[in-house]
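Quick notes on the structure that follows.
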Amino acid sequence: MNIQRLSDIVISQIAAGEVIERPASVVKELVENALDAGATSIQVSSTQGGRRLIRVSDNGSGIRSNEVALALTRHATSKLRTTDDLNQLVTLGFRGEALSSIAAVSRITLTTRHRDEKIGTEIRLEGGALIRHQPAGAPTGTVISVEDLFFNTPARLKFLKKEATEKRYISTIITRYAMAYPSIRFLYIQDEREVFRTSGSGQLADVIVKSFGIDTFRQMLEVNSMETPRNHRPEIHVHGYTTQSSLNRGDRNQIALFINGRWIQDSRLTYAIVQAYHNLIAPNRYPITVLMVNMPTDELDVNVHPTKAEVRFRQPDHVFAAIQRAVRETIMNAQAAGDTRFQSVDITQQIPPGGANNIWHSNVQLNLDLADDTAPRSISQQDERFEADIAIPSGPDKPRKPRSLPPLRVIGQVGAMYIVAEGPAGMYLIDQNSAHTRVLYEALLEDYTRDEVVTQTLQTGETIEVTAGSAQTIEQYLILLKRLGILLEPFGPTTFRIQSVPHILVNTSRRLQVTIQAILEQIPITSTPEESTATLAQAIAQQAAIRSGQILSPEQMTDIIRKLERCEQPHNAPDGRATLIHLTGDQLAREFARGT
Ligand code: ADP
Ligand code: MG
């Protein structure tokens, strides 16, 4: 053969081999383009594992009619002008290779309308050859249909795996991007069946629940750590979720790493995560982990491989260390918190100052009461039983707080309103509603501070109507409310949809809408959201608390008392009402005029 220049089509087909390995690569490139185009909603459908058809629709900017043909040629991109731009890349794409590669090895139809233009464009290529190019009516955004992938490259076609495997690759790509972009709505339809959908709530947790299921999510720990810049080290922010060491898998495919919003595969960084579990899970077992790593763009080179799934770091060791530290600290903190719950209590620390007439530590009752504390198993069992009864999550991995009341023994209930208890220093009459409100209030504020309020997602789509005035106020409080566990989504000018509520509100007797309305009514008009946390936490606790008039089981009463004993301010409800009346032995004796 004599020397000849390859035709553009052949060059594209060869290049396509690097970028487009399988149907999932098409999905990846098209989803990245949609994200780069600023879409807020991305819909993917595939048939026969993507061999027959892949279609990606987005509501992004669209492509100008005079640029459509250009976009499909090699090295045509709107995202990069000079190589310097590579250092500040904020887009996922930059090589200008994807569309031309896909077009070279399939039959592609692209319909698009740019947001500034009135009329759209439709273009069709088969094996890189132009078949059609014409104006078309279309909504703003882009729809790309890729049919018969690799129809003209039979060697590639042969390398595809079973349909089920290709489907799995596609699902993985979509769920990964949904995690990296939780505020974008993703919908994936496989062979005409919806298999995955995200709400665009902006919450990574929501996407993880959708991807791994609620049971797995419940066993995940939130990772959130920030390495501050020092000695030329970059700022590195690591956040996401990783499993408790008790939940692990036999393969490491459930470890997903994102650098600046780009899903990457990096065996060394994966190893950093695995190593954080050293000695905590068996060798050859791996956690389920989703980590978002963010750092200055000039700290990394994304131009390493045509699929852009690899990056090179300027200071790889720092990145490795930051990831490992973030994960290790998260697991260790959770373990420490879990362990203290099972540590025995140092009795000598529990004795309050009180002098001679405090009979607490000299009373034989002490031993009986503290028997509960020194047998932590039975306490935790009791907790669980109680939680099952009235659904109060107490967060099994929280440290036990110091006592603020002596241990009390529940005797019974009076008038379905008060709990009667005996302590070393007399009798206690406890208002069940005030006491429970106090308990829930402190627990909620604590969870709020750690940003780990346990919530329940509602599938039923309940909405609430408010006045136009309060709708505006509520809008300003959405972030605060979310952190307190109430996730509201604006659903029209004066309507909100309740997406999730604090777990403690789920089993209350009133309808959720009524409950949430009552809480929202407490939003103060004058103060700032920051000042209002306590007010709203109080409102939530009041709604969730056991009411007066409710008959309680001994276990329920014991649980309230046990938790009240460790509240910071056990004597008052958050609104100031007293939680308990204490009658000392002396007082009782005086009342009965004994010994006079
Ligand atoms: P790259 O993403 O690397 O720029 P592509 O071949 O993937 O290269 O896309 C070429 C160009 O086509 C992009 O730079 C962009 O301007 C345009 N484009 C592709 N897909 C879309 C889309 N979904 N919405 C808007 N513009 C798009
Ligand atoms: Mg691209």
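Atoms within a ligand are numbered from 1 in the order they appear, just like the ligands themselves.
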For this session: State plainly whether the residues R233 and E227 are in salt-bridge range, i.e. N to O under 4.0 Å.
Result: no

Problem set entry | Contact partition for A37 relative to ligand 1, non-hydrogen atoms under 4.0 Å | side chain

Problem set entry | Between E117 and H114, a side-chain donor and acceptor under 3.5 Å | no

Exercise. Taking non-hydrogen atoms only, is D58 closer than 4.0 angstrom to ligand 1 via side chain, backbone, both or neither?
Worked result: side chain

Exercise. Purely on distance, is any nitrogen or oxygen of K79 under 3.5 Å from one on ligand 1?
Worked result: yes

Problem set entry | Interfacing atoms of ligand 1 (cut-off 4.0 Å, heavy-atom, G93) | 2 (O), 3 (O)

Exercise. Which ligand 1 atoms are under 4.0 Å away from a heavy-atom of A71?
Worked result: 10 (C), 12 (O)

Exercise. To the nearest 0.1 Å, how far is atom 14 (O) of ligand 1 from its closest protein heavy atom, and which atom is that?
Worked result: S78 N, 2.9 Å

Problem set entry | Presence of salt bridge, R74 and D8, under 4.0 angstrom | no

Exercise. Counting from 1, what ligand 1 atoms have a heavy atom of R95 closer than 4.0 Å?
Worked result: 3 (O)

For this session: May I ask which of N33, I42, L35, I63 has a heavy atom nearer to atom 27 (C) of ligand 1 than the others do?
Result: I63

For this session: For this output row, return yes or no: ring centroids of F186 and F196 closer than 6.0 angstrom.
Result: no

